[in-house]
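Please read through the structure below; I'll follow up with questions.
Index from 1, following the sequence.
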Amino acid sequence: MIRTVNLKKVYRTEEVETTALNEVSIEIKPGEFVSIMGPSGCGKSTLLNILGLIDNPSGGEYQFLDKEVSRFSERQRSQLRKNNIGFIFQSFNLIDELTVFENVELPLIYTRVSSSERRKRVEEVLEKMNMMHRRNHFPQQLSGGQQQRVAVARAIVNNPKLILADEPTGNLDSANGNDVMKTLVHLNNEGATIIMVTHSQYCAEFGNRIIRLLDGQVVTESMVAKQML
């Protein structure tokens with residue numbers, strides 16, 4: 001599903017050049033659950049942004065779904081992204097002015113799904129996330145755990161092939177964090193490919209494999225015995 005070869009990302013200003021990623025080569029197969037770990041500033045989020053087609057690399061190759069996408073335009077990236085990738089963020093990124101239902105519905109509007117089909121899919125995914133009873137509430141009326149469940153619902157409502165999770169339990173207590181990890185494991189068992197950035201060794205071990213970054217480079221890759229809840 002994903003293959004990068006000597007991926008580089010360099011940020012330049014008039015005075016400073018910062019290398020965020022330095023010749024990163026990884027491969028992720030369909031159906032894997034891969035955790036990416038490393039200290040702050042090591043390039044984890046930069047890598048996730050490139051894998052999620054939010055940003056382009058400065059050099060190297062990136063193949064996604066058998067397409068070389070490293071030099072795609074924003075329009076090309078957007079088209080591929082909205083049909084294939086779901087995002088889960090640490091800060092939830094819900095829109096305060098929209099209800100739970102409307103937040104989850106948003107990706108379907110972008111992909112021009114009919115209103116009747118949107119309603120059906122949103123209701124199905126809210127039931128799955130046990131949030132149907134909150135469908136008309138606004139994000140500020142929800143707990144942190146509930147907001148993250150809505151964010152997960154939004155990420156999966158389009159049935160994406162790839163789910164990218166950036167510190168999905170970072171703002172949650174242990175009980176709500178475990179709920180999110182249960183959901184990710186369940187989605188992976190249903191066939192979704194998941195790449196998760198995390199500082200938590202405990203959360204990382206819910207995946208099949210851990211990739212560790214340091215100073216923009218892959219330093220280790222290891223298989224793990226999956227954590228059980």
Side-chain angles (χ1 to χ4, degrees), residues 1 30-31 33 45 48-49 51-54 64-65 74-75 77-173 175-198 203 206-207 229:
M1 173 176 273
F33 186 156
S45 292
L48 209 66
N49 285 341
L51 297 182
L53 303 171
I54 292 173
F64 177 59
L65 298 177
E74 171 53 35
R75 183 175 180 180
R77 293 201 312 270
S78 175
Q79 191 65 32
L80 194 57
R81 183 173 63 235
K82 69 185 182 183
N83 289 314
N84 295 286
I85 302 174
F87 294 89
I88 304 169
F89 302 96
Q90 177 178 350
S91 56
F92 316 136
N93 284 12
L94 300 176
I95 298 173
D96 288 339
E97 294 77 20
L98 299 182
T99 65
V100 164
F101 186 97
E102 290 165 340
N103 266 283
V104 176
E105 182 185 32
L106 210 52
L108 300 175
I109 293 173
Y110 291 150
T111 49
R112 299 182 180 179
V113 175
S114 69
S115 59
S116 59
E117 179 66 12
R118 291 201 306 268
R119 181 186 181 90
K120 175 175 173 288
R121 285 206 219 170
V122 173
E123 289 180 350
E124 284 177 354
V125 79
L126 288 178
E127 288 283 4
K128 185 174 189 176
M129 298 305 301
N130 194 28
M131 287 300 294
M132 191 63 176
H133 63 298
R134 297 286 195 178
R135 58 176 290 164
N136 294 319
H137 287 69
F138 291 91
Q140 60 268 31
Q141 297 174 303
L142 306 176
S143 68
Q146 289 171 332
Q147 288 187 59
Q148 191 61 298
R149 291 212 297 274
V150 175
V152 173
R154 181 186 57 192
I156 66 175
V157 72
N158 252 338
N159 298 314
K161 296 180 178 69
L162 174 66
I163 296 172
L164 300 179
D166 193 354
E167 296 283 0
T169 65
N171 284 339
L172 303 176
D173 60 31
N176 283 309
N178 274 344
D179 284 344
V180 169
M181 294 313 304
K182 279 183 187 177
T183 300
L184 291 178
V185 169
H186 181 66
L187 292 170
N188 180 239
N189 290 339
E190 288 184 335
T193 304
I194 297 175
I195 304 174
M196 177 181 68
V197 162
T198 182
C203 291
F206 285 98
L229 283 166

Minimal heavy-atom distance between Ala155 and Pro160, with the atoms involved, is O-CG, 3.3 Å

Answer whether the closest heavy-atom distance between the side chains of Ile88 and Gln148 falls below 4.5 Å.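 Result yes, sub-4.5 Å side-chain heavy-atom pair found.
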
Can a donor-acceptor pair be found, under 3.5 Å and without considering hydrogens, that links the side chain of Arg118 to the backbone of Leu108? no

Rounded to the nearest 0.5 Å, what's the gap from CD on Gln146 to CG on Asp179? Could you check? 11.0 Å

Close side-chain approach of Phe87 to Ile54, heavy-atom, < 4.5 Å: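 Of all side-chain heavy-atom pairs linking Ile54 with Phe87, at least one is under 4.5 Å.
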
Between Gln141 and Arg134, what is the shortest heavy-atom contact and its length? O-NH1, 4.3 Å

Would you give the length of the straight line joining atom CG of Asn176 to atom CD of Gln147, rounded to the nearest 0.5 angstrom?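 It is 11.0 Å, given to the nearest 0.5 Å.
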
Could you give me the CA-CA distance, side-chain angles and deciding distance for Asn158 and Arg121, then say whether side-chain contact (heavy atoms from CB on, under 4.5 Å) is met? CA-CA 8 Å; Asn158 252 338; Arg121 285 206 219 170; 3.4 Å; yes

Could you check Glu123 against Arg135 for side-chain contact (heavy atoms from CB on, under 4.5 Å), going step by step and ending with a plain yes or no? CA-CA 9 Å; Glu123 289 180 350; Arg135 58 176 290 164; 3.1 Å; yes

Is there side-chain contact between Thr111 and Asn83, with at least one heavy-atom pair below 4.5 Å? yes

Could you give the distance from CG (Leu106) to CG (Leu98), rounded to the nearest 0.5 Å?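 Answer rounded to 0.5 Å: 6.5 Å.
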
Determine, step by step, whether Lys120 and Glu124 satisfy the salt bridge (charged side-chain N to carboxylate O under 4.0 Å, His left out) criterion, reporting the C-alpha distance in whole Å, the side-chain angles of both residues, the deciding distance to 0.1 Å, and the verdict. CA-CA 6 Å; Lys120 175 175 173 288; Glu124 284 177 354; 3.2 Å; yes

Compare all side-chain heavy atoms of Thr183 with those of His186 and state whether any distance is below 4.5 angstrom.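 Of all side-chain heavy-atom pairs linking His186 with Thr183, none is under 4.5 Å.
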
Distance check, rounded to the nearest 0.5 Å: Arg81 atom CZ versus Leu162 atom CG?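 It comes to 12.5 Å.
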
Taking only Lys NZ, Arg NE, NH1 and NH2, and the carboxylate oxygens of Asp or Glu, determine whether Glu74 and Arg77 approach each other closer than 4.0 Å. yes

Test Asp166 against every option in Asn49, Val197, Ile195 by the side chain to side chain contact (heavy atoms under 4.5 Å, CB included) rule and name the one that passes. Val197

Return the minimal non-hydrogen interatomic distance between Thr99 and Asn136, and the atom names on each side.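 Closest heavy-atom pair between Thr99 and Asn136: CG2-O, 3.8 Å.
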
Which pair of heavy atoms, one from Leu142 and one from His137, lies closest together, and at what distance? CD2-CB, 4.0 Å

So which atom in His133 and which in Asn130 form the shortest heavy-atom distance, rounded to 0.1 Å?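 Shortest heavy-atom separation between His133 and Asn130 comes out as CE1-O, 3.2 Å.
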
List the atom of Ala151, the atom of Phe92, and the distance in Å for their closest heavy-atom pair. CB-O, 3.8 Å

Could you walk me through whether Asp96 and Gln140 pass side-chain contact (heavy atoms from CB on, under 4.5 Å), step by step? CA-CA 7 Å; Asp96 288 339; Gln140 60 268 31; 3.9 Å; yes

Value rounded to 0.5 Å, distance of CD1 in Ile85 from NZ in Lys161: 10.0 Å

Look up atom CG in Asn103 and atom CD1 in Ile95, then write down how far apart they are to the nearest 0.5 Å.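 It is 5.5 Å, given to the nearest 0.5 Å.
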
Minimum side-chain heavy-atom gap Leu184-Phe206 below 4.5 Å: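 No, their side chains stay 4.5 Å or more apart.
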
Using atom types as modelled and distance alone, determine if a side-chain donor or acceptor of Arg154 lies under 3.5 Å from a backbone N or O of Asn93.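 Confirmed, Arg154 side chain pairs with Asn93 backbone.
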
If the threshold is 4.0 Å, N to carboxylate O, is there a salt bridge linking Arg112 and Glu117? no

Under 3.5 Å, is there a donor-acceptor pair between the side chain of Asn188 and the main chain of Thr193? no

Run the side-chain contact (heavy atoms from CB on, under 4.5 Å) test on Asn171 and Phe89 for me, step by step, so that the C-alpha distance in whole Å, both residues' side-chain angles and the decisive distance to 0.1 Å come before the verdict. CA-CA 10 Å; Asn171 284 339; Phe89 302 96; over 6 Å; no

Please answer whether the main-chain N or O of Leu172 pairs with a side-chain N or O of Thr169 as donor and acceptor at a distance below 3.5 Å. no

